[in-house]
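The figures that follow rest on heavy atoms only: side chains count, while hydrogens, waters and symmetry mates do not. We name chains A, B, ... by the order of the sequence lines, and we start the count at 1 in each one.
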2 protein chains.
Amino acid sequence: MPKDAKNSKKPLPCGRIRPSHTPHVGGKDEQLRLLQERLDGYTKGKGLNSSASRNHILEIIAEQGAHFSPTQLIQKVSLRFPNVGPATVYRNLTLFIEAGVLRQTLTASSGETLYEVETEEHHDHIVCLDCNEIFEFHDESIEKSQDRVASSMKFKPENHWHVIYARCEQLKRK
Amino acid sequence: MPKDAKNSKKPLPCGRIRPSHTPHVGGKDEQLRLLQERLDGYTKGKGLNSSASRNHILEIIAEQGAHFSPTQLIQKVSLRFPNVGPATVYRNLTLFIEAGVLRQTLTASSGETLYEVETEEHHDHIVCLDCNEIFEFHDESIEKSQDRVASSMKFKPENHWHVIYARCEQLKRK
DNA sequence: ATGAATGCAAAGGTTTTGCACCCCC
DNA sequence: GGGGGTGCAAAACCTTTGCATTCAT
């Protein structure tokens, strides 16, 4: 099942505009600068070095600006920077998470774990079963109910993972 | 809610009783019979054969009666039935899902995909970060909000995956 | 100079596949 | 008899690790 993540304005199969995802502000360059800043803050504090490969990987992430699997990232990276191998990508993914640049986010319908750029505001996901695209939502009443349910079971919620798999109504109408 | 003597009362690290999970009715034997019935319904309809190995795997699943990873299942199976290998287990897991006997359910904190026995009523999950045990919940208002959110975004929800990661308050009090 | 980071290759783990053989209908 | 199912081994993947080398500070 081929999955092409071209970031064009071409509407999705269901007639929607592709969601802009994580770059909630600014364009790719803005996004990259922001990520770099966060990363630098972390590495500075830990006394870590910088490296060309690391910046290259971050560059690809900023461009792609969406939910992605390690494999997708590795492919894009090795296309543009053929000498940067999977090991380096994986090592840096780990680092990016520690640095608060990325977070692990959801399991695609394929079963792969996906990553996304860390954002200020919490959000959950809707995965479209027709076009395979990932949308975001946030609903305060769900959040509240969640807390209520957890504490009624004497749990203290720390985190959650809420994905709705759905179909475009527009597509169905075709 | 009948109690199975085997589903013992040894409390979890956090002081709770271990949840009974999927065998919502009856004991292991009852559970096995139910699964077998569902499976037979499917295989009959498709003109598939039966097999000893398949039944052995189902037997282990019925005994285990909780959320499990392929790896865990493979280990238990090969312990009791040393000639049943991973390939057979995987092939049957796929079949069991098609047959509506199992469903893929959530990603453990380790990242593994887990399976569970398909039940009538939908439920979601709370994973305890202290004792690693998996509990279930169902909340009508969350379900409703979910539908509302999805349709406000012009989606038709088909399915969802909602996991709360939480801590036992009792444990924290220690 | 001294850790950090990389690149490469090899190892680890999990899941799938090919194929000859066996078994159920 | 014929197709489904199995067992074994190999292949295919994805991810991690070891190690010598390069790089940043």
**Student:** With a 4.0 Å limit, can you tell me whether Ser51(B) has a side-chain N or O closer than that to the phosphate oxygens OP1/OP2 of dT6(D)?
**Tutor:** yes
**Student:** I need the NZ-C1' distance between Lys44(B) and dC24(C), as an integer number of Å.
**Tutor:** 11 Å
**Student:** Residues of residues 69-77 of chain B with any non-hydrogen atom less than 4.0 angstrom from an atom of DNA chain C: list those, numerically ordered, please.
**Tutor:** Pro70(B), Thr71(B)
**Student:** Starting from the 5' end of DNA chain D, give me the residue, Ser50(B) or Thr94(A), whose nearest nucleotide shows up first.
**Tutor:** Ser50(B)
**Student:** Without decimals, in angstroms, what is the distance between His56(A) NE2 and dA5(C) P?
**Tutor:** 16 Å
**Student:** Rounded to the Å, how far apart are Glu98(B) CD and dG4(D) P?
**Tutor:** 13 Å
**Student:** For Phe135(A) and Cys128(A), what are the C-alpha separation, side-chain angles and deciding distance, and is it a side chain to side chain contact (heavy atoms under 4.5 Å, CB included)?
**Tutor:** CA-CA 8 Å; Phe135(A) 298 82; Cys128(A) 180; 4.2 Å; yes
**Student:** Check whether any side-chain nitrogen or oxygen of Asn49(A) sits under 4.0 Å from OP1 or OP2 of dT2(C), and answer yes or no.
**Tutor:** no
**Student:** To the nearest Å, how far apart are Leu95(B) CG and dG4(D) P?
**Tutor:** 13 Å
**Student:** For the residue pair His138(A) / Glu136(A), report whether a side-chain donor-acceptor contact shorter than 3.5 Å exists.
**Tutor:** no
**Student:** Is a donor from one side chain sitting under 3.5 angstrom from an acceptor on the other, for Ser145(B) and Ser141(A)?
**Tutor:** yes
**Student:** Counting only heavy atoms not in Glu98(A), do more than 12 sit closer than 6.0 Å to its CD atom?
**Tutor:** yes
**Student:** Please give, in whole Å, the distance from dA4(C) P to Leu39(A) CG?
**Tutor:** 16 Å
**Student:** Quick one: closest heavy-atom pair of Asp124(A) and His162(A), and the distance?
**Tutor:** CB-O, 3.3 Å
**Student:** So, taking the atom named CG in Leu129(B) and the one named OH in Tyr165(B), what distance separates them when rounded to the nearest 0.5 Å?
**Tutor:** 8.5 Å
**Student:** Are any of the side-chain nitrogens in Arg80(A) or Glu59(A) under 4.0 Å away from the carboxylate oxygens of its partner?
**Tutor:** yes
**Student:** Give, for atom CD1 of Ile164(B) and atom NE2 of His160(A), the distance between the pair rounded to the nearest 0.5 Å.
**Tutor:** 7.5 Å
**Student:** Would you say the side-chain atoms of Glu116(B) and His123(B) include a donor-acceptor pair closer than 3.5 Å?
**Tutor:** yes
**Student:** Any N/O pairs under 3.5 Å between the protein and nucleotides 7-13 of chain D? List them or say none.
**Tutor:**
unit_1, atom_1, unit_2, atom_2, d
dG7(D), OP1, Ser53(B), OG, 3.1
dG7(D), OP2, Ser53(B), OG, 3.4
dG7(D), OP2, Thr88(B), OG1, 3.1
dG7(D), O5', Asn83(B), O, 3.2
dG7(D), N7, Arg91(B), NH2, 3.0
dG7(D), O6, Arg91(B), NH2, 3.0

**Student:** Separation of Arg54(A) atom CZ from dT22(D) atom C1', in whole Å?
**Tutor:** 14 Å
**Student:** Between Leu114(B) (CG) and dT14(C) (C1'), how many Å, whole number?
**Tutor:** 15 Å
**Student:** How long is the line joining NZ of Lys46(B) and C1' of dC24(C), in whole Å?
**Tutor:** 19 Å
